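These notes concern the structure reproduced below.
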Amino acid sequence: MSGLKFAVLGTGFWSHYQIPAWYEVGGVEPVAVYNRTVSKAEEVAKRFNIPRVYGDPDELFQQEDLDFVDIITEIPTHAPFVFMAAKYKVPVICQKPMAPDYETAQKMVTVCQDAGIPFYVHENFRWQTPLRALKEVLEEGHIGQPVRARIQFVHGMEDFVWENQPLLKTLGRFALMDLGSHLLDLARFYFGEPQSLYCQHFQIRDDIAGEDAASVVLKIGDMMCTCDISYSTKTEWKQFPETFVYVEGKKGTIELGPNYFIRVSTDEGTRLRRYAPPRYAWCDPDYNVIHASMIPIHQDFLRAFRTGEPPENTGEDNLKTMRLVHAAYESAERNQVITLDNLNHPKNYEYDGEINIGLETIPR
Ligand code: 89Y
């Protein structure tokens, strides 16, 4: 196999899926892997056939001739490793959320710009099959301009999640960082840049360090969007919980509900379609919808590396999401609405022309 040569920094839970996703996409070659605990790096190298192992990231950058580096570590090491990639002028992909504070995230973007290297963020929720399909359905214009929306992620926080990502329990800033970063990114993806937000968050469980429930209300142009997150919901789901979305437009509603069904309702009737993610043998079935989204995001990164045309998830773009995450904490702390300095860029879903919506009427 040959292609763009890359190194992986970090061999925790996500690397076990992100590396096979690269193999699935093809056109790339993992040549080195780093982990602080070298034995873990050796295990991953063996499992995924990666020739060289390092316990010192600096040495890795000095020795390897890389087309890019994929940082799959936890939050505290994102910034130092991105700065290191910039020092060695190696294009970099970094796991979300970028940084524990907004200033560091800003610095990551500027340092990469100054070094002249591409900096991309592995924000994969907007690449999930049903969430991507919802964007397309919005663009079809059936429901007209959105006026109210809700993006919801509930999470039973089953033991397997703690076991896979033990650091989550220790984060003083938890739900908004870990999942708020995804949902606020989805809000921007669907509806554009917000002008203000208000947030409340709570800690329900007492065996963790940070908040495990949060709601953020965003004002985006003439609409409002709520992002709701809970890590303490008791659910009946056997699979990893999905993201649900409800959008009310001037002419109808769109709902993405359980089991990947999207329902579009207007005066003309209701259409119900299922948008299930593909299944890959290397995915953990509990996380299938998330793991499968790594294919399209990696394809987009690869296209960007090859053509020089930026992908969707650039550091600059993700900084706007990080601004919302940190503004949400600020809002909850001050119990105040935060006005954002973003310009008003609501997305326009109004169509002047006739749309043949061809909805199928579902009997009540
Ligand atoms: O870390 C989180 C993420 O990004 O998606 C789900 C998760 O693994 C646990 O909440």
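Numbering starts at 1 and runs along the sequence shown. Because the structure is a prediction, the values reported are computed rather than measured. Atoms within each ligand, like the ligands themselves, are counted from 1 in listed order.
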*Report the residue from Val92, Val69, Leu9 that forms a side chain to side chain contact (heavy atoms under 4.5 Å, CB included) with Phe81.*
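By the side chain to side chain contact (heavy atoms under 4.5 Å, CB included) criterion, Phe81 pairs with just one of Val92, Val69, Leu9: Leu9.
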For ligand 1, which atoms have a heavy atom of [X] less than 4.0 angstrom away?
| X | answer |
| --- | --- |
| Tyr231 | 10 (O) |
| His155 | 9 (C), 10 (O) |
| Gln165 | 1 (O), 7 (C), 8 (O), 9 (C) |

*Compute the minimum heavy-atom distance from Trp14 to ligand 1 and say whether it is under 4.0 Å.*
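Under 4.0 Å: yes for Trp14.
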*Cluster companions of Val337 among Ile, Leu, Val, Met, Phe, Trp, Tyr (side-chain spacing under 4.5 Å)*: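 Result for Val337 is Tyr198.
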_The criterion is salt bridge (Lys or Arg N to Asp or Glu O under 4.0 Å); which residues satisfy it with Arg306, sequence neighbours excluded?_
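Result, salt bridge (Lys or Arg N to Asp or Glu O under 4.0 Å) vs Arg306: none returned.
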*Start with the C-alpha gap between His122 and Tyr120, add the side-chain angles, then the distance that decides, and say whether ring pair (Phe, Tyr, Trp, His ring centres under 6.0 Å) holds.*
CA-CA 7 Å; His122 205 283; Tyr120 307 152; over 10 Å; no
